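Side chains included, hydrogens not; waters and symmetry mates left out as well; all remaining heavy atoms used. Order of appearance sets the numbers: ligands from 1, and atoms from 1 within every ligand. Please read all numbers here as calculations on a predicted model, not as lab measurements. If you read the sequence from its start, that first residue is 1, and numbering goes on from there.
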Amino acid sequence: MLAERMTRLGVETAFLVSAAAAEFAARGHHVYPFHLGDMNLRTPENIIEAAFRAARDGKTGYCPSAGIMPLREALAEDVGRSRGIPCTADNVVIQPGGKPTIGKFLLALMNPGDEVLYPNPGYPIYESQIEFHDGVAVPYRYLEGAETFALDLDQIAAAIGPRTRILILNDLHNPTGAEASADELERLVEMAIDHDLWVLSDEAYFDIRYSGRSRSIASLPGMAERCVLLYTFSKKYAMTGWRLGAAIAPRAVADGVAKLNVNDESCANHFVQYGALEALTGDQSGAAHIVEVLRQRRDACVDALNAVPGVRCQRPEATFYLYPNVTALMARLGLDRYDDLRFAALEATGVSFCTRLHFGRPLPGEGERYIRLAYSGIDVDQITEGLGKLRDWVAAS
Ligand SMILES: Cc1ncc(COP(=O)(O)O)c(C=O)c1O
């Protein structure tokens, strides 16, 4: 009954894990939610107040498709300064969330049959949208190092062929928390320029970091004109449910994306954009508090995971995800299938997490096993209690 293209549309399978956790909770059990990258932190009060004020002031009708001008200007200023790139309001197209930038970028720049390099493990929407819009999804991988995960640059280089047109980079990376080194970025830039690739730089976690400074691939010479940035208010300001983000793109691409806005949603929520304007231009203490809370959770989570026999977990400096290696854990428990691990842990301890399988199909030759935990939606005492139960359960088995 449904059109053929619907068979090519994927889902964000982390939501399926939520459903399993909700079903377990409905049976009267306590759940420790590490599965979804949602946040249990409040949006800073000044942002809420600004949006309410705008609604009361009558900002409840349609607004320009590319977004209200003061917000586009403020975001251009913010992104231009933080990334060190030239950026004006003409480059900014406001979106209902960060996610819509992915599909609109592909619609604006990818022709049927074009090959698109994307991270695997990675955010599952890339593969879904590439295939839905008639592109060819070509995965690239990350390799586990001692302290961080690294891009497999040789594999990326080998995967580039005559039909490759686009590279999707998610630096600071969901699910591994990895950040590309200066060398890695330079090699990617070389490849993008040599092969005339467009780059979608998904910077959803640009501001969720605990030390150092984030850097955008768009800031390297020759890149601003071939990069589209995915920006979102979701994580930095704990605004996941407000649904507001932006595509930051060279003028011609921005105009194309704005045209897609006209066809899709007309405009992002009008009064919500005034909340976002306050987020960018008002008091920043709320955003700083969010990062500090997340840092405490990261430390609690990493320490507790490394106390679980058979688990090896890095301490990433960015994002709110952990991607521990559980190869030894699965061997110890005598489990081979990821779902068996996930359900066994949920039933025995209430700890709910995603596995490698929720971030793309495992690639040939991939021997190590991983799970992914998000600590954005769970407090430190619950982290310690839940992962303590996990440790005791594993130790007793
Ligand atoms: C890598 C990545 N990109 C984009 C998004 C989309 O964020 P938004 O809630 O702003 O649509 C997410 C959300 O989890 C993400 O992890």
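- For ligand 1 and Asn170, the ligand atoms under 4.0 Å from any heavy atom of the residue are 1 (C).
- At under 3.5 Å, not a single nitrogen or oxygen of Tyr126, backbone or side chain, sits near a nitrogen or oxygen of ligand 1.
- A salt bridge does not link Glu203 to Lys235: none of the charged side-chain nitrogens sits closer than 4.0 Å to a carboxylate oxygen.
- The protein heavy-atom contact nearest to atom 16 (O) of ligand 1 is Tyr205 OH, 2.6 Å.
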*asked:* As a quick check of understanding, evaluate side-chain contact (heavy atoms from CB on, under 4.5 Å) for Leu71 and Leu244, giving each step before the final call.
replied: CA-CA 11 Å; Leu71 179 59; Leu244 209 66; 4.1 Å; yes
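- Side-chain atoms of Asp57 and Tyr274 include no donor-acceptor pair closer than 3.5 Å.
- In terms of protein heavy atoms, atom 11 (O) of ligand 1 is closest to Arg243 NH2, 2.7 Å.
- Residue, atom and distance of the protein heavy atom nearest to atom 3 (N) of ligand 1 are Asp202 OD2, 2.6 Å.
- Taking the six-membered ring where the residue is Trp, Tyr231 and Phe233 present perpendicular rings, their angle passing 60° and hence far from 30°.
- The closest protein non-hydrogen atom to atom 10 (O) of ligand 1 is Thr232 OG1, 2.5 Å.
- Close approach of ligand 1 to Lys235 (heavy-atom distance below 4.0 Å) involves ligand atoms 13 (C), 14 (O).
- Of all atoms in ligand 1, listed by their number and element, those nearer than 4.0 Å to a heavy atom of Ser234 are 8 (P), 9 (O), 10 (O).
- When heavy-atom distances to ligand 1 are checked against a 4.0 Å cut-off, Phe233 has no atom that comes that close, whether in backbone or side chain.
- Using cut-offs of 30° and 60° for the angle between ring planes, the Tyr370 and Tyr323 rings count as parallel.
- Residue Gly98 has at least one heavy-atom neighbour below 4.0 Å for each of these atoms of ligand 1: 8 (P), 10 (O), 11 (O).
- Atom 6 (C) of ligand 1 has Tyr123 OH, 3.5 Å as its closest protein atom, hydrogens excluded (heavy atom only).
- A salt bridge links Asp299 with Arg295: at least one charged nitrogen is closer than 4.0 Å to a carboxylate oxygen.
- Taking every non-hydrogen atom of Lys99 and a distance limit under 4.0 Å, the qualifying atoms of ligand 1 come out as 6 (C), 8 (P), 11 (O).
- Between Tyr205 and Tyr321, the ring planes are perpendicular. Angles over 60° get that label, and only those under 30° would be called parallel.
- Interatomic distance, Ile125 CD1 to Ile168 CD1, rounded to the nearest 0.5 Å: 11.0 Å.
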